[in-house]
Structures are given as C-alpha cells and as structure tokens.
Trainee: 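The following block contains the structure, expressed as structure tokens.
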Amino acid sequence: MAETAERISTTLETIYQRSYSSEAPDLRSLYEKAKRDQWNASRDIDWSQSVDLDRGIFANELVDGHGTEVLNRLDAKRFAELNVEFSCWRISQLLHGEEGAMLACSQLVDIVPSNDAKFFQATQVIDEARHTEVLSRYLAEKCGGRIYPLTKNIRTLFDYILGHGKWFVKTVGLQLIAETFAVALFRMLSETAIDPLLRSICKRILADESRHMGFSVLSLPDAIATLSPSETRELEDFTREAIHLVLSGQFPQEAYEAVGMNAREIDEVKRARKEIARGAGSADAAYFRKLFRREMHQTIVTNMQKVGLLNERTSGFLREIGIDPALSTTAA
Ligand SMILES: [Fe+2]
Ligand SMILES: [Fe+2]
C-alpha cells in the first residue's frame with residue numbers, strides 16, 4: 001500500500017432507521033441550512049486568480065518565530081519562502097483533517113440513531129469532500145503541489161475517532177474538539193491571509209464548519225445525559241486527550257528544513273515560540289496568537305458546557321492544558 005494510505009479496522013453497528021418522523025426539529029433545521037448553503041468548489045471559487053508566492057500566503061505574523069532574532073536574520077526573499085512553506089505545512093494538516101472528517105461522517109451516517117442526525121451527517125460528508133477537494137486543489141495548482149505529511153498527533157486523534165464504534169465519541173473528537181480548532185483557524189485565515197484566494201476559500205469553508213460544530217452542540221446533550229458513570233469518565237478522558245492532541249505537537253519542523261535552516265536555528269525558533277506562548281516575544285505575533293487562542297479556548301469551554309461535559313473533573317483537565325474553564329460565555 002502506498003505510504004499515503006492507511007488502513008484502520010473498526011466495528012460499527014449500522015442502524016437502519018425506518019422511523020421517518022422528525023424527532024429533533026433543531027437538527028432538521030440545521031439540515032435545511034446545510035442544503036440551502038451548498039457551494040461548488042469548481043464553480044464558486046475564482047481559480048483564475050494567481051497566487052503571488054513571492055509575497056507569502058499567511059500573514060507574516062503567523063509564522064512561528066516571527067519577529068525573533070533568528071528569523072530577522074533571513075532576508076525578505078527567504079522569509080517569503082519560509083512563509084510559503086509554513087503556510088503549505090499548515091494547510092496540509094487542515095487538508096488531512098478534512099479527509100479524516102469525511103470518513104468519520106460517513107461512519108456517522110450509519111451509526112447515529114435518528115434520521116434527523118443521519119440526514120445532517122449525509123450533508124457533512126459532501127461538505128468535507130468539498131473541503132478536501134478545495135484545499136488539495138489550492139496546494140496542487142497554486143503552491144506547486146506542496147503537501148506535507150500528517151503530524152503524529154493529528155493521526156493519533158483520527159485513528160481513534162475512526163476506530164471507535166460509538167457515535168458520541170466520534171462527535172466529541174471531531175465536531176466538538178477538532179472542528180472548534182478548525183473554525184478558529186479558518187476564521188483567522190479568512191481575515192488575515194496575505195493571499196486573497198486563500199482568504200476567499202477559508203471564508204467559504206468557515207460557513208460550513210460552523211454548522212458542523214453546531215451538530216455537536218445539538219446532538220450531544222441528550223446522549224451525554226444518559227451515559228453511565230464509567231462511560232462518562234471514559235468520554236471525559238477522551239475529551240482531555242483530544243484537546244491535548246489538537247493543541248500540541250504541531251511544530252512545522254519540515255517547513256524550516258525546506259528553506260535550509262539548520263538544527264540550531266530551528267531550535268532557536270522553537271525556544272522563541274515557547275516564549276511567545278508565555279506572552280513574551282514579538283508583540284505582533286503575540287497579539288495574533290492571543291486572539292486566536294482566546295477565541296478557540298472560549299469556544300471549547302462554552303461548547304463543553306453546552307453539551308454537559310464541563311464539570312469539576314474536566315475543569316481540572318482544562319487548567320492542566322492551559323485553558324481557563326471560567327471562559328465559558330454560557331451562564332452556568
Ligand atoms: Fe471541513
Ligand atoms: Fe467540518
């Protein structure tokens with residue numbers, strides 16, 4: 001099998017649901033919105049726009065280590081090259097996540113019990129196919145086919161999501177955690193990317209991702225409320241693991257190597273990155289990161305509260321990971 005393909009074994013219980021009356025009107029209306037807001041990646045994106053790789057793709061402030069001594073030593077041309085590699089690395093991670101999401105949702109069509117949820121998941125399958133299509137086309141046609149491999153952490157997360165048999169575990173991993181991260185990132189890219197084509201693509205994807213995140217908030221509360229204490233603990237442990245996997249181990253080592261930086265220079269970037277995470281370092285980079293982190297953390301905490309996963313135990317997990325559990329925008 002090619003290095004780019006992986007086999008994951010799983011046992012799923014398909015529910016052939018022959019009750020067609022709607023039991024969850026909020027999920028039906030999400031399905032209506034999904035049908036109304038479909039778009040076509042080949043028709044609705046202006047692929048005639050060229051991408052000026054000499055200018056870079058993401059906002060420069062997003063490149064890890066921006067404003068630090070080690071990156072200030074690069075001339076403008078080399079920094080733009082790094083920006084392109086860094087952006088392609090990050091887009092590659094999103095792309096692999098889109099593919100994994102498509103597979104997980106195709107499983108969800110089978111295993112969610114109600115037709116309200118099955119109908120919505122059927123729309124999410126096509127949404128994720130479109131996201132995979134649009135991002136892979138962007139990398140292939142506009143960035144010279146630079147596709148970086150999946151990080152170990154994201155692979156571990158998707159191996160678990162795709163290998164698990166319970167729908168609510170998949171939904172916590174995918175729609176509640178991974179897509180919350182994706183929504184924050186796509187929003188930031190749609191507002192700040194240097195490349196206008198990428199901005200327009202991210203804006204389109206973002207509208208779909210918000211719906212997907214909505215699926216978890218609408219479908220999970222009832223399922224979580226009926227779990228046994230041991231199932232609840234298992235789901236809480238998985239939530240902690242999923243947040244940890246999404247937020248860590250995402251350093252684009254290969255992007256720095258691609259522009260010829262040596263191990264010592266890359267270590268310098270890593271150190272600077274840690275300082276920025278602590279609030280020190282370049283003011284611009286810190287500002288970007290702060291906005292992004294705050295929005296993402298707030299959404300994770302708020303959604304955990306909405307679905308019934310925020311309690312004393314999980315608040316402790318969040319604090320360990322560096323997320324303030326008091327950030328929820330929903331009154332307790
Ligand atoms: Fe997606
Ligand atoms: Fe999605």
Side-chain angles (χ1 to χ4, degrees), residues 3-4 6 51-68 70-71 74 76-101 131-158 178-179 181-190 192-195 197-199 201-202 205-206 209 245-263 265-274 276-277 282 285 288-289 292-293 296:
E3 214 178 272
T4 50
E6 181 192 350
V51 176
D52 185 357
L53 295 181
D54 294 339
R55 290 188 65 213
I57 299 174
F58 285 9
N60 287 326
E61 292 84 348
L62 283 183
V63 176
D64 276 330
H66 171 265
T68 58
V70 54
L71 292 196
L74 302 179
K77 187 171 168 285
R78 206 140 158 251
F79 188 79
E81 279 168 23
L82 175 63
N83 176 313
V84 168
E85 297 302 333
F86 180 91
S87 305
C88 289
W89 184 93
R90 175 54 76 191
I91 296 169
S92 298
Q93 302 311 318
L94 289 166
L95 166 65
H96 301 312
E98 300 293 358
E99 171 80 12
H131 300 168
T132 309
E133 174 198 350
V134 75
L135 291 180
S136 61
R137 183 167 173 184
Y138 179 81
L139 289 176
E141 284 183 16
K142 305 296 178 183
C143 307
R146 291 171 171 84
I147 296 184
Y148 282 97
L150 182 61
T151 64
K152 198 167 139 264
N153 279 8
I154 300 297
R155 180 173 166 166
T156 304
L157 177 65
F158 273 99
E179 297 199 297
F181 175 78
V183 161
L185 192 54
F186 282 124
R187 175 165 298 128
M188 191 172 59
L189 294 177
S190 71
T192 66
I194 291 175
D195 175 36
L197 178 61
L198 185 71
R199 282 205 305 271
I201 289 173
C202 290
I205 296 179
L206 179 62
E209 297 300 351
L245 289 172
V246 164
L247 297 186
S248 63
Q250 306 298 319
F251 184 73
Q253 177 94 16
E254 301 101 316
Y256 294 89
E257 288 166 357
V259 297
M261 287 175 67
N262 63 34
E265 289 170 320
I266 297 174
D267 272 350
E268 250 182 86
V269 174
K270 277 187 188 161
R271 271 201 306 278
R273 189 174 184 256
K274 276 188 191 142
I276 289 168
S282 146
F288 261 90
R289 249 151 248 281
F292 173 66
R293 275 227 316 259
M296 185 181 45

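Note that the coordinates shown come from a computational prediction; the quantities given were computed from them, not determined experimentally. The first residue of the sequence shown is numbered 1, and numbering continues consecutively from there.
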Trainee: What closest approach, in Å, do Phe158 and Ala101 show between heavy atoms, and which atom pair accounts for it?
Mentor: CE2-N, 3.6 Å

Trainee: Apply the test side chain to side chain contact (heavy atoms under 4.5 Å, CB included) to residues Glu268 and Thr68: give CA-CA distance (whole Å), side-chain angles for both, the deciding distance (0.1 Å), then the verdict.
Mentor: CA-CA 9 Å; Glu268 250 182 86; Thr68 58; over 6 Å; no

Trainee: Please name all residues satisfying side chain to side chain contact (heavy atoms under 4.5 Å, CB included) with Ile194, sequence neighbours left out, ordered by chain then number.
Mentor: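 Ile194: side chain to side chain contact (heavy atoms under 4.5 Å, CB included) contacts with Arg55, Asn60, Asn83.
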
Trainee: Evaluate Ile91 against Leu198 for side chain to side chain contact (heavy atoms under 4.5 Å, CB included), listing each step before the verdict.
Mentor: CA-CA 10 Å; Ile91 296 169; Leu198 185 71; 4.0 Å; yes

Trainee: Kindly indicate, with the supporting measurements, whether the criterion side chain to side chain contact (heavy atoms under 4.5 Å, CB included) is fulfilled by Phe292 and Leu62.
Mentor: CA-CA 10 Å; Phe292 173 66; Leu62 283 183; over 6 Å; no

Trainee: For Val70 versus Glu265, what's the shortest heavy-atom pair and its separation?
Mentor: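 Taking every non-hydrogen atom into account, CG2-O, 3.8 Å.
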
Trainee: Please identify each residue that fulfils side-chain hydrogen bond (donor to acceptor under 3.5 Å, both in side chains) with Asn153, with sequence neighbours left out.
Mentor: Ser248

Trainee: For Ile205 and Glu98, which heavy atoms make the closest approach, and how far apart are they?
Mentor: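 Minimum heavy-atom contact is CG2-OE2, 4.1 Å.
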
Trainee: Scan residues 135-153 for pairs that pass salt bridge (Lys or Arg N to Asp or Glu O under 4.0 Å), counting only residues two or more places apart or in two chains.
Mentor: Glu85-Arg146, Arg137-Glu141

Trainee: How far does CD of Gln250 sit from CZ of Phe181, to the nearest 0.5 angstrom?
Mentor: 6.5 Å

Trainee: Restricting to side chain to side chain contact (heavy atoms under 4.5 Å, CB included), what partner residues turn up for Ala182, sequence neighbours left out?
Mentor: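 Applying side chain to side chain contact (heavy atoms under 4.5 Å, CB included) to Ala182 gives Phe186.
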
Trainee: Which pair of heavy atoms, one from Leu139 and one from Ser92, lies closest together, and at what distance?
Mentor: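 Between these two residues, the closest heavy atoms are CD1-OG, 3.8 Å.
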
Trainee: Test Gln93 against Leu150 for side chain to side chain contact (heavy atoms under 4.5 Å, CB included), laying out the working first.
Mentor: CA-CA 6 Å; Gln93 302 311 318; Leu150 182 61; 3.9 Å; yes

Trainee: So how far is it from Arg155 CZ to Glu6 CD, rounded to the nearest 0.5 Å?
Mentor: 4.0 Å

Trainee: Over 60° means perpendicular and under 30° means parallel, so tell me whether Phe251 and Tyr256 are parallel, tilted or perpendicular.
Mentor: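 The arrangement is parallel - the two ring planes meet at less than 30°.
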
Trainee: Mind listing the closest non-hydrogen atom pair of Asp64 and Leu71 along with its distance?
Mentor: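 Looking at all heavy atoms of both residues, the closest pair is O-CD1, 3.4 Å.
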
Trainee: What residues form a ring-ring contact (aromatic ring centres under 6.0 Å, His included) with Tyr138, not counting sequence neighbours?
Mentor: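 Applying ring-ring contact (aromatic ring centres under 6.0 Å, His included) to Tyr138 gives none.
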
Trainee: Once you round to the nearest 0.5 Å, how far does CE of Met261 lie from CG of Leu74?
Mentor: 5.5 Å

Trainee: Could you give the distance from NE2 (His131) to CG (Leu95), rounded to the nearest 0.5 Å?
Mentor: 12.0 Å

Trainee: Under the side chain to side chain contact (heavy atoms under 4.5 Å, CB included) rule, collect the residues that match up with Ser190, sequence neighbours excluded.
Mentor: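 For Ser190 the side chain to side chain contact (heavy atoms under 4.5 Å, CB included) partners, ignoring immediate neighbours, are Cys202, Lys203, Leu206.
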
Trainee: If you compare all heavy atoms of Ala178 against all heavy atoms of Val246, which two are closest, and at what distance to 0.1 Å?
Mentor: CA-CG2, 4.3 Å

Trainee: As an exercise, state the distance from CG of Leu197 to CG of Asp52, rounded to the nearest 0.5 Å.
Mentor: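 The distance works out to 12.5 Å.
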
Trainee: To the nearest 0.5 Å, what is the distance between CD (Gln253) and OG1 (Thr151)?
Mentor: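 Going from the CD atom of Gln253 to the OG1 atom of Thr151 covers 13.0 Å.
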
